Amino acid sequence: MKTEFATPAGAKHARMLGVGAYRPRRVVDNAEICRHIDSSDEWIRARTGIVTRRWAAPDETLGAMAEQAASKAIAAAGITPADITCVIAATFTHLMQTPAVATEIAHRIGADGAAGFDISAGCAGFVHGLVLASDSVRARGGHVLVVGVERMSDILDLTDRSTAFIFGDGAGAVVVGPSDTPGIGPAVWGADGSQADAIRQSVPWDTLRTDPGHPFPALRQDGQRVFRWAVYEMSKVAVQALDAAGVAPGELDAFIPHQANERIIDSMTRSMGLPDTVTVAKDIVTSGNTSGASIPLAMDAVLASGAAVSGDTALLLGYGAGLSYAALVATLP
Ligand SMILES: CC(C)(COP(=O)(O)OP(=O)(O)OC[C@H]1O[C@@H](n2cnc3c(N)ncnc32)[C@H](O)[C@@H]1OP(=O)(O)O)[C@@H](O)C(=O)NCCC(=O)NCCS
């Protein structure tokens, strides 16, 4: 038997080359949310920072939103769809068990032939995808499209006081490709499966078969438990990612965490000792928590506003259902 054979040859380094976003047309304010739950605009703003979020219309499917975001990211990267070798979709609101939405996205953008698969890591999904993309480019070359895309409104129980006001829809995408210089630092990632029930689907899909009258499965969370875990544990993960990259808090240009709650973001910023010179993404105010889409949407927003520029050094931190997390330092596209 032949025991020696060719192995893939990749790039020395990988980096994000372009980013793109799609925000659904419909803006939903807190007053509309409060038609279904006993709450108020003041309470929602004070406890989460959220003023508005976007909810997708029927034609704004996962594939359609991802196509828009991805096409912008590909144009910004200065490549063509044919250059994309793999599409990774981070989502947990694709309501088809199979096939993955990633192959549909590849087809929609004109990257037929590219590999495609979905990953499910809740709100940490996008950074998980970025880790895989970076490792893939360094192992085998090519250009990997990572799309975070969610229709959270499809799995919301509008009468649930602990989730209805938090979540929004949208898509964000980046192209990861070869680079002469390091652009994506070492990932600190992991999970705490003992807290798997802290953010979860209310019942499995097959409940609808055994109990056809059961309400459609919806997202549930233990808000206080998630809040505490995020504030105490995720700040440590953020510091570990900085240490792993050899970057001091004061050397960062931007902090782009998952947009779960403005109070969590502020608490992390304080406990990490980030100076005022660091731009902190606050897309949550107008987007809510868009789960897997939140980090690329927030990245696109800070770049579009001019608060950060291409080439800046940013800390990305995703965390959520699992409970899972992933953090890394990266050069902004
Ligand atoms: C959901 C969340 C905003 C709730 O805020 P909180 O401060 O923890 O709220 P609590 O559940 O402790 O309730 C505090 C009070 O607000 C009330 N309250 C709860 N939900 C409310 C709502 N939607 N509107 C108005 N009042 C509400 C409670 O009844 C309670 O009132 P009381 O003090 O009179 O008993 C917060 O826990 C959170 O953001 N958690 C993290 C969620 C998250 O980020 N999830 C995604 C992770 S990927």
Side-chain angles (χ1 to χ4, degrees), residues 28-53 90-93 119-129 148-153 155-170 172 189-193 195-202 218-235 237-238 256-269 281-285 287-298 316-327:
V28 176
D29 63 15
N30 291 337
E32 180 172 345
I33 300 291
C34 295
R35 279 192 225 144
H36 308 281
I37 54 170
D38 177 15
S39 190
S40 67
D41 178 43
E42 296 71 32
W43 191 94
I44 296 171
R45 285 183 194 225
R47 295 293 173 124
T48 68
I50 300 169
V51 177
T52 56
R53 74 286 290 145
T91 183
F92 76 101
T93 50
I119 52 173
S120 173
C123 305
F126 175 78
V127 184
H128 279 69
V149 57
E150 305 282 12
R151 285 176 55 103
M152 299 299 290
S153 56
I155 57 160
L156 278 188
D157 172 356
L158 296 185
T159 65
D160 179 3
R161 266 178 119 213
S162 67
T163 54
F165 54 95
I166 294 178
F167 295 98
D169 303 339
W189 62 353
D192 178 3
Q195 301 206 64
D197 63 338
I199 306 172
R200 64 193 183 280
Q201 183 168 314
S202 54
L219 188 67
R220 296 279 183 254
Q221 70 165 352
D222 183 343
Q224 281 193 17
R225 180 147 57 116
V226 176
F227 192 96
R228 278 196 302 272
W229 173 77
V231 164
Y232 294 114
E233 302 302 327
M234 292 304 98
S235 306
V237 167
I256 309 179
H258 169 49
Q259 305 288 295
N261 181 316
E262 190 177 31
R263 286 191 298 146
I264 296 176
I265 298 171
D266 290 343
S267 170
M268 285 176 173
T269 305
K282 293 279 187 78
D283 195 43
I284 181 137
V285 176
S287 295
N289 177 343
T290 55
S291 189
S294 89
I295 290 178
L297 279 174
L316 313 186
L317 166 64
Y319 57 89
L323 294 173
S324 55
Y325 58 85

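As the structure is a computational prediction, the values presented were derived from the model and not from experiment. For ligands, and for the atoms within them, numbers begin at 1 and follow the listed sequence.
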Test log, rule side-chain hydrogen bond (donor to acceptor under 3.5 Å, both in side chains), inputs S153 and D169:
CA-CA 7 Å; S153 56; D169 303 339; 2.6 Å; yes

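- Closer than 4.0 Å to atom 11 (O) of ligand 1 lies at least one heavy atom of the protein.
- Near H258, meaning under 4.0 Å from any of its heavy atoms, are these atoms of ligand 1: 48 (S).
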What do the steps show when you test D222 against R200 for salt bridge (Lys or Arg N to Asp or Glu O under 4.0 Å), and what is the final call?
CA-CA 9 Å; D222 183 343; R200 64 193 183 280; over 6 Å; no

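- Counting only heavy atoms, the protein never gets under 4.0 Å from atom 30 (C) of ligand 1.
- Each of the atoms 48 (S) of ligand 1 lies under 4.0 Å from some heavy atom of G320.
- Within the 4.5 Å cutoff, the side chain of I155 has heavy atoms near those of the F92 side chain.
- Atom 6 (P) of ligand 1 is approached by the protein to below 4.0 angstrom, counting heavy atoms only.
- Minimum heavy-atom separation, A230 to M268: O-CE, 3.5 Å.
- Contact atoms of ligand 1 toward D38: 24 (N), 25 (C) (distance under 4.0 Å to a heavy atom of the residue).
- Of the possible donor and acceptor atoms, one in the side chain of S324 sits under 3.5 Å from a partner among the backbone N and O of A321.
- Counting the atoms of ligand 1 from 1 in the order shown, those under 4.0 Å from a heavy atom of R47 are 6 (P), 7 (O), 9 (O), 14 (C).
- If you check each of R161, R225, Q259 against atom 23 (N) of ligand 1, the one with the closest non-hydrogen atom is R161.
- Under the 4.0 Å distance rule, the nearest protein heavy atom to atom 21 (C) of ligand 1 falls inside the cut-off.
- For the pair S202 and D157, the minimum side-chain heavy-atom distance is 4.5 Å or more.
- Taking every non-hydrogen atom of T48 and a distance limit under 4.0 Å, the qualifying atoms of ligand 1 come out as 3 (C).
- Taking atom 47 (C) of ligand 1 as the reference point, the nearest protein heavy-atom neighbour is V226 CG1, 3.6 Å.
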Walk me through it: do Q221 and I166 pass the test side-chain contact (heavy atoms from CB on, under 4.5 Å)?
CA-CA 11 Å; Q221 70 165 352; I166 294 178; 3.2 Å; yes

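- With a 4.5 Å cut-off on side-chain heavy atoms, R47 and R263 count as touching.
- Here atom 40 (N) of ligand 1 lies nearest to G223 when heavy atoms of C34, S39, G223 are compared.
- Close approach to C123 involves these atoms of ligand 1, each under 4.0 Å from a residue heavy atom: 48 (S).
- By the ring pair (Phe, Tyr, Trp, His ring centres under 6.0 Å) test, W229 is found to be paired with no residue, residues two or more places apart in sequence or in another chain being considered.
- Between E150 and A293, the shortest heavy-atom distance links the atoms CG-N, 4.0 Å.
- If you check which protein heavy atom lies closest to atom 39 (O) of ligand 1, you get N261 ND2, 2.7 Å.
- Nearest to atom 8 (O) of ligand 1 among the protein's heavy atoms is Q224 CG, 3.4 Å.
- Considering each of T163, I264, N289, the one bringing a non-hydrogen atom nearest atom 46 (C) of ligand 1 is N289.
- Closest to atom 43 (C) of ligand 1 among all protein heavy atoms lies Q221 OE1, 3.5 Å.
- Each of D29, N30, N289 was compared with R53 under the side chain to side chain donor-acceptor pair (under 3.5 Å) criterion, and only N30 meets it.
- With a heavy-atom cut-off of 4.0 Å, A260 touches ligand 1 through backbone and side chain alike.
- At a heavy-atom cutoff of 4.0 Å, ligand 1 is contacted by the side chain of F165 but not by its backbone.
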Before giving the answer on side-chain hydrogen bond (donor to acceptor under 3.5 Å, both in side chains), spell out for T163 and D160 the whole-Å C-alpha distance, their side-chain angles and the decisive distance to 0.1 Å.
CA-CA 6 Å; T163 54; D160 179 3; 2.9 Å; yes

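- For atom 19 (C) of ligand 1, the closest non-hydrogen atom of the protein is W43 CZ2, 3.7 Å.
- Side-chain atoms of S294 come within 3.5 Å of backbone atoms of Q259 as a donor-acceptor pair (strictly under, hydrogens ignored).
- Contact atoms of ligand 1 toward Y319: 48 (S) (distance under 4.0 Å to a heavy atom of the residue).
- Distance remark: protein heavy atom present below 4.0 angstrom from atom 37 (O) of ligand 1.
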